[in-house]
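What follows is one structure encoded as structure tokens, with my remarks underneath.
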Amino acid sequence: MKIIHQLKEMQRDTALHRSEGKSVGLIPTMGALHEGHLSLIRAARQENDRVVVSIFVNPTQFGANEDFDLYPRNLVTDAKLAEESGADVIFNPSAKDMYPSDLCTSITMGSIAEGLCGRYRPGHFDGVAIVVNKLFNLVNPHRAYFGQKDAQQVQVIRKMAEDLNMGVEIVACPIIREADGLAMSSRNVYLKPEERISARLLSQALREGQEWVKKDLQDPEVLREKLRQILESDPAIQVQYIEIVHPESLHPLKNLEKPILIALAVFIGSTRLIDNIIIT
Ligand code: PAF
């Protein structure tokens with residue numbers, strides 16, 4: 001496996017493989033790889049000749065009071081895990097190269113980025129959009145793989161790729177969970193042992209939500225209230241949002257007609273966690 005830091009070298013690597021008729025799959029990550037990322041690498045391995053994993057903690061998607069400095073970074077461990085899962089290349093550019101001081105282009109995502117996480121993390125999806133756009137231009141993949149845990153991110157990137165005619169197939173892969181249901185996330189390491197126990201309630205609430213929909217509950221407001229009660233039964237959990245929306249448009253639903261995306265964000269202590277379920 002190759003580790004590439006230079007932008008031009010990354011472009012040359014794909015150009016060479018494309019000229020030989022090979023397909024390229026990209027898994028964009030910020031490192032701190034866990035089983036969720038590894039499942040994306042394995043999926044890409046199945047479908048592409050060349051598998052590139054980018055590792056770049058992207059400063060433009062973190063708000064001023066967020067965890068950019070704290071975000072776990074360990075290239076050596078990540079490289080080993082990526083290689084074992086089938087990666088051919090780690091692309092690890094520097095912030096200086098990705099964002100030179102004279103950069104003056106920005107991307108503003110519209111309505112798709114306004115609700116859910118976008119409401120509480122202003123500018124976050126614009127930061128995701130610009131870095132993914134740059135990664136697509138540098139790696140030039142046929143396909144790019146994203147985890148469904150960041151349900152809004154998947155839709156933002158799909159919309160950007162479609163709006164800007166990028167010609168990259170966006171592949172969303174299922175959420176990978178711990179044995180007790182907690183969705184895997186690089187931020188789970190922030191949880192103290194007692195907070196880690198509280199965190200189980202997120203997936204429990206979503207499963208309960210699915211049951212209520214199966215039982216033919218019709219009113220999204222009633223469902224939202226039931227989920228809030230489950231989450232707030234633990235005083236360690238502070239709900240940021242519970243949204244019941246269409247899984248693609250992300251528009252709030254007026255009644256519980258499938259397909260339904262239930263998405264939520266909570267704080268447990270100072271750690272922000274998100275989770276979701278799609279009911280079809
Ligand atoms: O999901 C992530 O880890 C990041 O948002 C991404 C897509 C790598 C962009 O920095």
Side-chain angles (χ1 to χ4, degrees), residues 4 7 10 25-41 43-44 51-63 66-75 77-79 81-82 85 87 89-99 103 106-109 112-113 116-118 120-139 141 143-161 164 166 168-176 183-190 263 265 271-276:
I4 298 180
L7 311 194
M10 186 65 250
L26 168 67
I27 303 94
T29 82
M30 298 204 297
L33 302 185
H34 51 67
E35 200 47 45
H37 297 113
L38 305 185
S39 72
L40 304 180
I41 301 175
V51 174
V52 180
V53 177
S54 66
I55 297 184
F56 178 64
V57 185
N58 173 37
T60 62
Q61 69 187 79
F62 288 81
E66 293 185 353
D67 56 342
F68 176 70
D69 292 331
L70 213 68
Y71 202 85
R73 293 160 169 88
N74 193 337
L75 187 60
T77 313
D78 285 344
L81 290 170
S85 306
V89 178
I90 296 274
F91 176 45
N92 176 231
S94 71
K96 192 164 63 40
D97 288 345
M98 288 295 272
Y99 294 110
L103 182 105
S106 57
I107 298 184
T108 308
M109 296 303 304
I112 195 92
L116 305 161
C117 292
Y120 300 94
R121 303 186 71 189
H124 167 70
F125 287 114
D126 297 345
V128 169
I130 190 149
V131 81
V132 171
N133 194 329
K134 285 172 78 76
L135 290 167
F136 283 4
N137 289 330
L138 292 161
V139 178
R143 302 184 188 86
Y145 295 77
F146 297 88
Q148 185 57 41
K149 191 184 76 90
D150 296 289
Q152 188 174 18
Q153 172 169 278
V154 171
Q155 296 312 323
V156 164
I157 291 165
R158 271 197 206 293
K159 196 75 187 89
M160 174 183 73
L164 300 182
M166 290 178 154
V168 179
E169 184 189 334
I170 307 301
V171 184
C173 297
I175 299 176
I176 304 294
M184 295 216 182
S185 162
S186 305
R187 291 187 167 100
N188 291 350
V189 296
Y190 300 152
T271 305
R272 184 175 180 277
L273 298 176
I274 58 172
D275 200 351
N276 69 80

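As the structure lists them, so they are numbered: ligands from 1, and atoms in each ligand from 1.
- For the pair S106 and D126, the minimum side-chain heavy-atom distance is 4.5 Å or more.
- Remark: ligand 1 atoms within the under-4.0 Å shell around heavy atoms of T29 are 8 (C).
- Put simply, the side chain of I274 reaches to within 4.5 Å of the side chain of C117, judged on heavy atoms.
- For I157, no heavy-atom contact with ligand 1 is shorter than 4.0 Å.
- Listed by atom number, the atoms of ligand 1 under 4.0 Å from P28 heavy atoms are 8 (C).
- Between F56 and Y99, the ring-plane angle classifies as tilted under the 30° and 60° cut-offs.
- Given atom 9 (C) of ligand 1, the protein heavy atom at minimum distance is Q61 OE1, 3.3 Å.
- With contacts defined as side-chain heavy-atom distances shorter than 4.5 Å, the pair M166/N137 does not qualify.
- The shortest distance between side-chain heavy atoms of Q61 and F68 does not fall below 4.5 Å.
- Atom 1 (O) of ligand 1 has as its closest protein heavy atom Q153 NE2, 2.8 Å.
- Residue-ligand proximity, V131 to ligand 1, at heavy-atom distances under 4.0 Å covers atoms 9 (C), 10 (O).
- S85 contributes no side-chain N or O that, together with a main-chain N or O of I41, makes up a donor-acceptor pair within less than 3.5 Å.
- With hydrogens left out, the protein atom closest to atom 3 (O) of ligand 1 is M30 CG, 3.6 Å, a heavy atom.
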